[in-house]
Amino acid sequence: MTSRWILLLSAVLVSIFSLHAQDVKEIKLCDKHYSYDVGKDSITLYLKVLDSNGKRVTNISDKDFNNYLVINENGQIIPWSKGQIRPVTTGKRIPSDYTFSVVVDLNIPKEGKEQIYNTVGKLIESAPDSCVYISFFGDAVSKSELVTAENYPSMKAKFMQNASNKYFYGALYSKLVEFSPNTTDIESTINLEEGYQKNPDILKRAQANKDKNILFIFTEGSKSDSYEDIGFIEVTDYQCDTSHGVPRVYAFYYMGNGVDEDVIETLKGVTSPKDTLGASIKDRQGEYMPSNDMNSVLINFQNAINEAMYDYAFTYQALEDSYSGGTDYSVVWKGDEKGKATFSIGSPENPWPVYAESTGDLITKLLVALLTALLTIIFFFIVMKILIPAIKSKAFAAKYYKKYVPEEGVQRRICNYCKQELQPGQMIVAKCKHYMHIHCWKQNDFRCAEYGQNCNSGIQEHIEWNSLFSRSSLRDCHQTITGIIAGLVSWIIFELLGRSGFKAIATAIVNTFYKANEGQVNLYDLCVTKVSAFLLIGLLLGFFLSLAFRYNDEYRKKDWKIYLKILGLSLLSGVIGMAAFAIGACIMCALLPITNTTYLPWYCSLPAYLLFSICVSLSLTIKSSVPVKSAMIGGVCSAIIGFLVLYFSSMTSSRWGWMNMLLDFIIYGGGLGASLVTVRMLAEKYFLVIQNGVKAGQRIPIHKWMNATGGGNKVSIGMTGECEIQMNWEKSNKVAKEHAQLFIDHNKDLPMIKPLATGVIYNMRNELPVGKPSVLANGDTFKIGDTIFQYVESD
Ligand SMILES: [Zn+2]
Ligand SMILES: [Zn+2]
């Protein structure tokens, strides 16, 4: 009696134990789904549970899931109160990127075709619309038609057609070639129905998803095939040729009424293609499944589709306020990690979710953006006016401030400022040959007493606390402020246009350059969204930065022609920016299969930003005074800093995901502006190059006399020896004693020419008015007497 109870008890225990000890070896995160639409803030993860034999486990109860399953998002547990898991047994359980082409032999007995019709119906129920295409062969090969749950019943009649012929090879071949853009000569020999056309949607889908294309063929062995030019060799050769795309083939051969050995060989060949060395081509493996029994044919078919399915969908409310890129997931079952994956949710350019915004929200956002721009200006000001001068000053002091050591052969040295004798051990500044006491140096505003006259190197950059907020100091930041404002304007328009544009070009780029690997999570939609954001960024930033900098650069009096030129060249920069981003996008798409990730890694976007920056910076030098070197260095540095801010600040999530893009825009703009000024200042070397006459080609370095940072700042040209440039070569009597003066206008930081007598011809066109200074731009010419001078700036 007791032993019976124990047996019973243990039986119950075993059954309970086995019920709860679900053998879960691996939980695969197959795919994710989220929507870009306003206000829909739920994320769905698709899962497959596998046991230790690699078999799919589909009977896990809700209770077991609740007890044992934990899913983490970025290391944070997603609470069950926010999420829900459901088995995907009905409805759409096949990822929408799969494409199935089903081809049915009309010679299969009527009852068999009826069963196939019903089973294929189940595939159609499980697959999203536009995934399944169907065609038939018998007396001819029919075209592939899209089937949906709606139009499927009307297909039944087509299943029931009879055939007296069987064009098996032609059917198989014509269905294979539908997945590739190439055409072959053999196609014309196939017995196709009247008006047959390849279905272009199949090709489109196949190109977007290289590894998710499947051809199912149902055929039977009783009737031998009708004569065709095409046979076993053509079909299998085509499937084995890796130069074009083909689907994986699953062949269901009904042998109940007979067998054809050639057909078997062909089906084996196309379901398991081999390369020229005889090795199986891994990503083209389908399966050949012959059976005498129609029921097992259908079970085989269902198993084949099941491979493409996922079994569970876990939907949860977004935990973070904003997602902008790689999000890590890990799945834990009974305390052990059973699977993990990283999916891109949103992107730095286009954070998700997109919140519905009221007018009030928009105004707040705009105010925050303005404040951010202002803070960025202050930041740049501090860097340019305090940080960099402080570092340079320190470096200067370390190098040139030293104790005076009497030199050999020199009896005495005096300080060039206070004229007192330097004593050994006194601290002096030894930048130029005009030694000075440090306190004298500082008293003379950190420069040599001779600076500007007999000295052009004795100057120390330092923080000018007294004139920090003076007009000239603010003017140094002028280009930076311009760049930041251009960035801000670009960002506002970027937001207003919904952070994307040029969808058609973006789609075309992704279609052409993005080919996912086998088993790789499909990033197609994400790529399209990102590329379309890229194109818009390129156009806007290119245009507005160019507009702003060119407006500043064009210091001549602006008439409508000049405005038109600025606008035209800015549009050009916009187009160049867009083209650069388009090329960058192609690189990104091409890189993705190499990285083989389930998300978009940040480094795939870097080439696009760099390329954009280089191209736009270079485009700014077209017909402007911006030197190529400064544009390049400034462009690349600020692009990298902006990119780092964009991608690394996007790792922190906040409701203000859009802020990252704003920062990228204004930092890039500001940085480019700052570099255009600073490098230009460093490169200031001015020459007059004589263009004609006996002195043609002579370069006169006028920066000796005029200098943006100080000095005598006057070059006079005329006949007398008082002039810095004495035109003693001139034979004409048209040149005055002092005919013109050149100097730097310190308010505009621009070189000017002031005629003191009549007859100064500017750029060979117009005469400059006497006594009125005019701006000289790099490359301008002026004529005095018979001599033509060209004004040249160089590094
Ligand atoms: Zn002194
Ligand atoms: Zn000096």
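Counting convention: from 1, in listed order, for ligands and their atoms alike. All of these numbers come straight from a predicted model, not from anything done at the bench.
Salt bridge absent: Glu722 and Lys737 never bring a charged side-chain N and a carboxylate O closer than 4.0 Å. Note on Glu349 versus Lys530: salt bridge recorded, some NZ/NE/NH1/NH2 to OD/OE distance being below 4.0 Å.
Taking the six-membered ring for Trp and the full ring otherwise, Phe665 and Phe494 have centroids separated by under 6.0 Å. Phe381 and Phe469 have their aromatic ring centers within a separation under 6.0 angstrom.
Within His434, the N, O or S atom lying nearest to the Zn ion (ligand 2) carries the name ND1. Within His437, the N/O/S atom positioned nearest the Zn ion (ligand 1) carries the name ND1.
Residue Cys415 counts as close to the Zn ion (ligand 1), with an N, O or S atom under 2.8 Å.
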